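As structure tokens, the structure follows; a few thoughts come after it.
Values below: all heavy atoms of this structure, side chains included; hydrogens, waters and symmetry mates excluded. Owing to the predicted nature of the structure, the values given are computational and were not obtained by experimental measurement.
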Amino acid sequence: MNRYPHRPPRRKFLQLAASAPLFASQARIAVAAGYPQRPLTFVVPFGPGGNVDSVGRLMAAAMGPVLGQTIVVENRAGAGGSVGAAQVAQAAPDGYVLMVGSNGPLTVNPFVQAKLAYDPLKDFAPIALVGSVPHVLLANNDLPAKTVQEAAELSKKRFVGCASSGIGSATHLTLARFNAQTGARIEHVPFRGGNTLVPALIGGDVQLASMEFSTALPLHQSGRARILAVAGERRSPLAPDVPTFIESGVPGFTAQSYVGLLAPARVPADVLNKLEEAANAALDARELADKLRSLGLEVAPKEHRRSAGFAAFLQAEYERSGQAARIAGIQPE
């Protein structure tokens, strides 16, 4: 006799308990099978108009039809991308709020900001790396150095200033790594973005600039400045005359700004897989690839367009940035 009529008999209770994980699993599968059932949001942790924003909007337009839903792009700028990143990290892990992530919030801010409201390696589920823009060393036309090695040697004899987009920026860390690897004594001169950096370089206030290839290319092509080397694994087809750092005698030296898609951690595996497949389907389309290349972005290789590959890429970038920050003597503030 059941002494507690509001409870199931013990045998029935044990049967229900044993089947609970199965029911939960079936529920997750059902949710994933019907996903997505409403519009998605891509959070861009920067203001409109920059490379990350442009890439986010292109990916939203391309992935929406694949997923059968509208994808809304929301700009959530602040604290070098940390505000938007925190919003996504704290969002429900259901695949409806994603981040268009980049160096700043993911692999730079952890070493320059003392208190982050998220862990970049634990609070996100990487979906796919979209692509990257290599960094370059851009020279004023009056600088006598014609190669990065000549610039390094010149800096040991006289002052050579190099602009970047700010202390602790990805391009600053690239300069720190270059100095450490070559023994150069190039002085870092931080600016607040390219609006003041480029005129200072052209005007001769600084002799070099560490910056993204996409920003430097028009200056190089117009003859207003010279790219000494590009920090990619190979030369860019957009500037085949420019050697890589590796070709210029700096072994293994690569550096880039990247853009990728991430979900909050603990998103269901089936949802993550569906997002990964949608991102890859979009990137396989020639039209999108051409648009990304027009921004100076190199479309990510296949292995980095998968969740596991993107996660490994981020781990390597995180370690590289941490080493560069230590070399530059940057303390989180």
Side-chain angles (χ1 to χ4, degrees), residues 46-47 49-55 80-81 102-104 107-108 112 131-143 145-148 151-152 155 160-179 181-182 184 186-233 235-236 238-239 241-246 248 250 253-259 293-298 317 320-321 324-325 328 330:
F46 302 100
N51 256 9
V52 179
D53 178 66
S54 297
V55 171
S102 63
N103 304 58
T107 54
V108 172
V112 299
S132 60
V133 180
H135 293 172
V136 303
L137 200 60
L138 185 69
N140 174 280
N141 283 330
D142 294 331
L143 186 73
K146 304 302 180 185
T147 68
V148 291
S155 71
V160 177
C162 182
S164 83
S165 55
I167 294 175
S169 64
T171 50
H172 174 204
L173 298 185
T174 294
L175 173 63
R177 288 177 51 224
F178 176 75
N179 277 343
Q181 189 164 338
T182 62
I186 298 171
E187 295 288 337
H188 178 231
V189 183
F191 283 78
R192 290 186 176 274
N195 290 337
T196 53
L197 183 161
V198 171
L201 176 72
I202 301 301
D205 295 329
V206 290
Q207 293 73 47
L208 296 168
S210 176
M211 62 197 309
E212 293 179 353
F213 173 76
S214 53
T215 305
L217 182 60
L219 300 171
H220 177 79
Q221 291 176 327
S222 66
R224 298 173 66 198
R226 294 175 289 115
I227 300 177
L228 298 184
V230 58
E233 293 184 354
R235 296 190 183 201
S236 169
L238 298 178
D241 60 313
V242 178
T244 65
F245 279 77
I246 298 170
S248 302
V250 189
F253 193 90
T254 61
Q256 66 271 315
S257 295
Y258 60 85
V259 183
R293 290 190 185 98
S294 72
L295 298 174
L297 206 78
E298 297 179 358
E317 285 292 313
R320 184 179 294 161
S321 292
I330 296 172

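From R224, atom CZ reaches atom CG of N141 across 10.0 Å, with rounding to the nearest 0.5 Å. If you take NE2 on H220 and OG1 on T215, they are separated by 14.5 Å, rounding to the nearest 0.5 Å. We find the CD-CG distance between E187 and N179 to be 8.5 Å, quoted to the nearest 0.5 Å. In this structure, CD in Q221 is found 9.0 Å from CG in D241, a value given to the nearest 0.5 Å. In this structure, OG in S214 is found 10.5 Å from CD in E298, a value given to the nearest 0.5 Å. The OG1 atom of T171 lies 7.5 Å from the CD atom of E212; values are rounded to the nearest 0.5 Å.
The two residues S248 and V148 make their nearest non-hydrogen contact at CB-CG2, 3.5 Å. Contact detail for N103 and A170: the closest heavy-atom pair is ND2-CB, 3.9 Å. When all heavy atoms are compared, the tightest approach of I246 to G232 is CD1-O, 4.4 Å. In terms of heavy atoms, A229 sits closest to F245 at O-CE1, 3.4 Å. In plain terms, the two heavy atoms of I330 and G168 that are nearest each other are CD1-CA, 3.8 Å. Minimum heavy-atom separation, I202 to N140: O-ND2, 3.4 Å.
S164 and H188 form a side-chain donor-acceptor contact under 3.5 Å, judged by distance and modelled atom types alone. Looking at H135 and S257, their side chains do bring a donor and an acceptor atom within 3.5 Å of each other.
For the pair I186/L175, a side-chain contact is recorded, criterion being any heavy-atom separation below 4.5 Å from C-beta on.
The number of heavy atoms from other shown groups lying within 6.0 Å of CD (E233) does not exceed 12. Annotation for L295: atom CG counts as buried by contact number, over 12 foreign heavy atoms lying within 6.0 Å.
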Would you check, one step at a time, whether the test side chain to side chain contact (heavy atoms under 4.5 Å, CB included) holds for N51 with F46? CA-CA 10 Å; N51 256 9; F46 302 100; over 6 Å; no
Quiz item: Would F253 and T182 satisfy side chain to side chain contact (heavy atoms under 4.5 Å, CB included), going step by step from the backbone distance to the final call?
Solution: CA-CA 10 Å; F253 193 90; T182 62; over 6 Å; no
_Please evaluate residues F213 and V242 with respect to the criterion side chain to side chain contact (heavy atoms under 4.5 Å, CB included), reporting the C-alpha separation (whole Å), side-chain torsions for both, the decisive distance (0.1 Å), and the verdict._
CA-CA 11 Å; F213 173 76; V242 178; 5.9 Å; no
Does the pair L238 and R293 meet the rule for a side chain to side chain contact (heavy atoms under 4.5 Å, CB included), with working shown? CA-CA 9 Å; L238 298 178; R293 290 190 185 98; 5.8 Å; no
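Without hydrogens or angle criteria, Q207 side chain to G161 main chain gives a donor-acceptor distance under 3.5 Å. A donor-acceptor contact shorter than 3.5 Å is absent between the side chain of D53 and the backbone of G47. In terms of modelled atom types and a separation under 3.5 Å, the side chain of S155 and the main chain of A184 share no donor-acceptor contact. Side-chain atoms of R320 never come within 3.5 Å of backbone atoms of R177 as a donor-acceptor pair (strictly under, hydrogens ignored).
Remark: R235 engages E247 in a salt bridge (charged side-chain N to carboxylate O under 4.0 Å, His left out) (not counting sequence neighbours).
Screening L137, V198, V133, T174 against M211 for a side chain to side chain contact (heavy atoms under 4.5 Å, CB included) leaves a single residue, V198.
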